[in-house]
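Quick caveat, the model's predicted, so the values are computed rather than measured. Along the sequence shown, residues are numbered consecutively beginning with 1.
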Amino acid sequence: MPIMIFMTRSYHSFQIFRRPVSVFLYKIKLLLPALTGLLMLTLSSCEEKPTIIGSNLLPSSDFMTFKSTDTMKVSAFTQFRKSVITNNLSFSYLGRAYDPYFGETKLDFVGQLRLTGPWTKTGPFTVDSVALFLTIQGAKGVIDTNYHQKLKMFEIDDQLSSTQAYYSDTNPTLKTEIGSFELPIIYKDTLQTLRTVLPASFGMYLMRDTTKLTQDEDANDFRKFFKGIYFTLEDAADPLLLGLAFSTSSSGDVYYPFIQVYYHTNSSGISYTSTFSVNTNSVRYNRYTHNFDAADVAHKIKHINDGKTDSLIYLQAFSGVYPLIKLPGLEYIKKNVPGISVNKARLTFSIFLDSINFKASNL
């Protein structure tokens with residue numbers, strides 16, 4: 001009978017005693033290196049650079065070219081804008097400040113008086129006294145405890161509007177001078193409320209027509225009857241700058257100028273008060289006046305608004321001078337190079353400290 005190879009159960013070698021098993025074990029030693037080499041060949045033939053995998057499947061417009069730069073040279077100039085909008089800011093200021101670099105800055109403000117409520121009394125009355133309350137948020141400059149600053153007040157003849165823009169160089173039209181009043185001693189860097197006595201005649205002037213003591217947006221509106229007050233400090237030998245806030249604290253404390261009129265009715269003799277305030281709802285604007293020529297000759301700014309670069313550029317409070325920085329080439333890139341995306345931009349500059357006027361402690 002013919003015998004097929006798969007029918008053979010034994011072999012000369014005692015190690016391979018079952019034919020089907022022995023063939024597999026014997027050939028696997030040869031197959032493993034061959035399979036490993038074949039796998040490596042297959043993988044290497046499919047590999048592409050990671051950065052371009054699938055690139056042939058996308059349109060070229062979907063790709064961006066990334067470039068970077070370390071530094072750019074800039075041109076800097078010192079600018080000044082005389083007129084800026086100052087409507088209803090959170091703070092107003094009185095007085096003046098001097099600096100050897102910036103010269104003299106004078107600050108004052110105009111405010112509209114508002115009523116706390118309509119007039120509800122009847123019959124004639126008499127004003128007993130009037131007081132002005134100013135909450136000073138801070139004072140800078142020379143504090144002379146032997147000198148009382150004087151506040152000047154004028155009634156204005158300009159109808160103030162909440163829809164109109166008012167500028168730092170606006171000159172109010174003055175109707176009458178209310179007077180010049182001595183302020184209490186002012187302390188530096190403290191929150192304090194100043195109480196200044198005004199003449200009783202001014203209280204009678206405010207309340208001379210009780211039909212106008214309303215805010216109904218009609219012909220009898222008090223804001224049309226008495227249009228507002230211009231507050232300014234008289235010039236003193238030493239500059240002093242006062243900051244006033246327009247806000248109400250969470251505890252109900254008010255931080256804004258107001259006038260309290262104390263009066264009594266002639267028939268009953270009962271005492272009352274009426275309050276007229278320049279509060280957060282009042283139309284008001286700040287005035288800033290800068291005199292750069294008053295600066296010290298050795299320190300004054302050499303180039304303002306003349307387009308010339310300088311070794312220093314300046315930044316000043318109260319809408320004073322400010323730096324204009326130009327980065328050459330950006331306009332060309334914006335107009336001529338599409339697809340630009342800026343990931344991060346940083347402007348680095350050094351602050352000038354002369355250790356006399358400008359120090360790290362007071363800058």
Side-chain angles (χ1 to χ4, degrees), residues 64-87 89-93 95-109 138 140-142 165-171 235 238-241 243 285-363:
M64 293 190 296
T65 301
F66 292 94
K67 297 181 179 180
S68 65
T69 183
D70 290 331
T71 58
M72 297 179 67
K73 291 184 178 180
V74 301
S75 299
F77 312 88
T78 298
Q79 300 287 107
F80 173 63
R81 186 181 297 114
K82 182 180 179 181
S83 184
V84 295
I85 296 177
T86 58
N87 290 54
L89 300 179
S90 299
F91 291 88
S92 287
Y93 304 89
R96 63 190 179 97
Y98 177 78
D99 183 273
Y101 293 87
F102 300 112
E104 187 176 73
T105 300
K106 296 185 66 175
L107 305 101
D108 47 41
F109 69 98
K140 298 293 182 183
V142 179
Y166 295 95
Y167 294 82
S168 56
D169 61 344
T170 300
N171 290 316
D235 288 341
D238 296 316
L240 177 66
L241 183 61
Y285 62 91
N286 292 354
R287 290 178 10 99
Y288 310 139
T289 303
H290 297 277
N291 181 10
F292 301 109
D293 292 332
D296 182 75
V297 176
H299 298 96
K300 67 183 300 183
I301 304 173
K302 297 180 175 62
H303 302 291
I304 301 178
N305 287 352
D306 60 4
K308 295 182 179 180
T309 60
D310 199 353
S311 57
L312 291 174
I313 53 176
Y314 299 85
L315 177 63
Q316 184 187 15
F318 308 121
S319 298
V321 293
Y322 62 94
L324 171 64
I325 299 174
K326 293 184 177 181
L327 282 73
L330 288 186
E331 185 176 2
Y332 174 83
I333 294 174
K334 181 180 179 180
K335 290 182 178 179
N336 298 283
V337 184
I340 291 294
S341 177
V342 177
N343 183 51
K344 181 184 290 186
R346 179 183 291 112
L347 178 64
T348 303
F349 56 91
S350 300
I351 296 176
F352 172 70
L353 301 174
D354 63 3
S355 300
I356 300 174
N357 302 287
F358 294 119
K359 307 175 184 178
S361 59
N362 66 9
L363 187 61

Requested in this report: List in chain and number order the residues that pass salt bridge (charged side-chain N to carboxylate O under 4.0 Å, His left out) with D99, two or more places apart in sequence or in another chain; answer none if no residue qualifies.
Outcome: none
Query - salt bridge (charged side-chain N to carboxylate O under 4.0 Å, His left out) involving K140 - partner list, sequence neighbours excluded - result: D189
Query raised in the report: Between A295 and P100, which heavy-atom pair has the shortest distance, and what is it?
Result: CB-O, 3.2 Å
**Report entry** Partners passing side-chain contact (heavy atoms from CB on, under 4.5 Å) against N171 (at least two apart in sequence or in another chain)
**Finding:** R287
Query raised in the report: Nearest 0.5 Å, what's the NE2-OH distance between H299 and Y101?
Result: 4.0 Å
Query raised in the report: From D310 CG over to H303 NE2, what is the distance, rounded to the nearest 0.5 angstrom?
Result: 5.0 Å
Query - side chain to side chain donor-acceptor pair (under 3.5 Å) partners for S83, two or more places apart - result: D169
For residues 314-325, tabulate all N or O donor-acceptor pairs below 3.5 Å that involve a side-chain atom, not counting sequence neighbours.
residue	atom	partner	partner atom	Å
Q316	OE1	V321	N	3.3
Q316	NE2	T105	OG1	3.4
Y322	OH	R81	NH2	3.2

Query raised in the report: Atom NZ in K302, atom CG in L312: separation rounded to 0.5 Å?
Result: 8.0 Å
Query raised in the report: Please walk me through it: do Y98 and N291 pass side chain to side chain contact (heavy atoms under 4.5 Å, CB included)?
Result: CA-CA 10 Å; Y98 177 78; N291 181 10; over 6 Å; no
Query raised in the report: How would you list, by chain and number, every residue that makes a salt bridge (charged side-chain N to carboxylate O under 4.0 Å, His left out) with K308, sequence neighbours excluded?
Result: none
Report task. Classify the ring geometry between F292 and F80 as parallel (under 30°), tilted (30 to 60°) or perpendicular (over 60°). Result -> perpendicular
**Report entry** Residue list, side chain to side chain donor-acceptor pair (under 3.5 Å) with K344, at least two apart or on another chain
**Finding:** none
Query raised in the report: In chain order, what residues pass the side-chain contact (heavy atoms from CB on, under 4.5 Å) check against V337, with sequence neighbours excluded?
Result: I333, I340
**Report entry** Distance in Å, L241 CG paired with K106 NZ, rounded so as to fall on 0.5 Å steps
**Finding:** 12.5 Å
Query raised in the report: By side-chain contact (heavy atoms from CB on, under 4.5 Å), which residues pair with T170, not counting sequence neighbours?
Result: Y167, Y285
Query raised in the report: Looking at residues at least two apart in the chain, or sitting in another chain, which of them share a side chain to side chain donor-acceptor pair (under 3.5 Å) with N305?
Result: none
Query raised in the report: With sequence neighbours left out, what residues match K300 under salt bridge (charged side-chain N to carboxylate O under 4.0 Å, His left out)?
Result: D293
Requested in this report: Flag the pair I301 / F102 as yes when at least one side-chain heavy-atom distance between them is below 4.5 Å, and no otherwise.
Outcome: yes
Query raised in the report: Where the side chain of N87 meets the backbone of Y166, is there a donor-acceptor pair that is under 3.5 Å apart?
Result: yes
**Report entry** Set of side-chain contact (heavy atoms from CB on, under 4.5 Å) partners for A360, sequence neighbours left out
**Finding:** L353
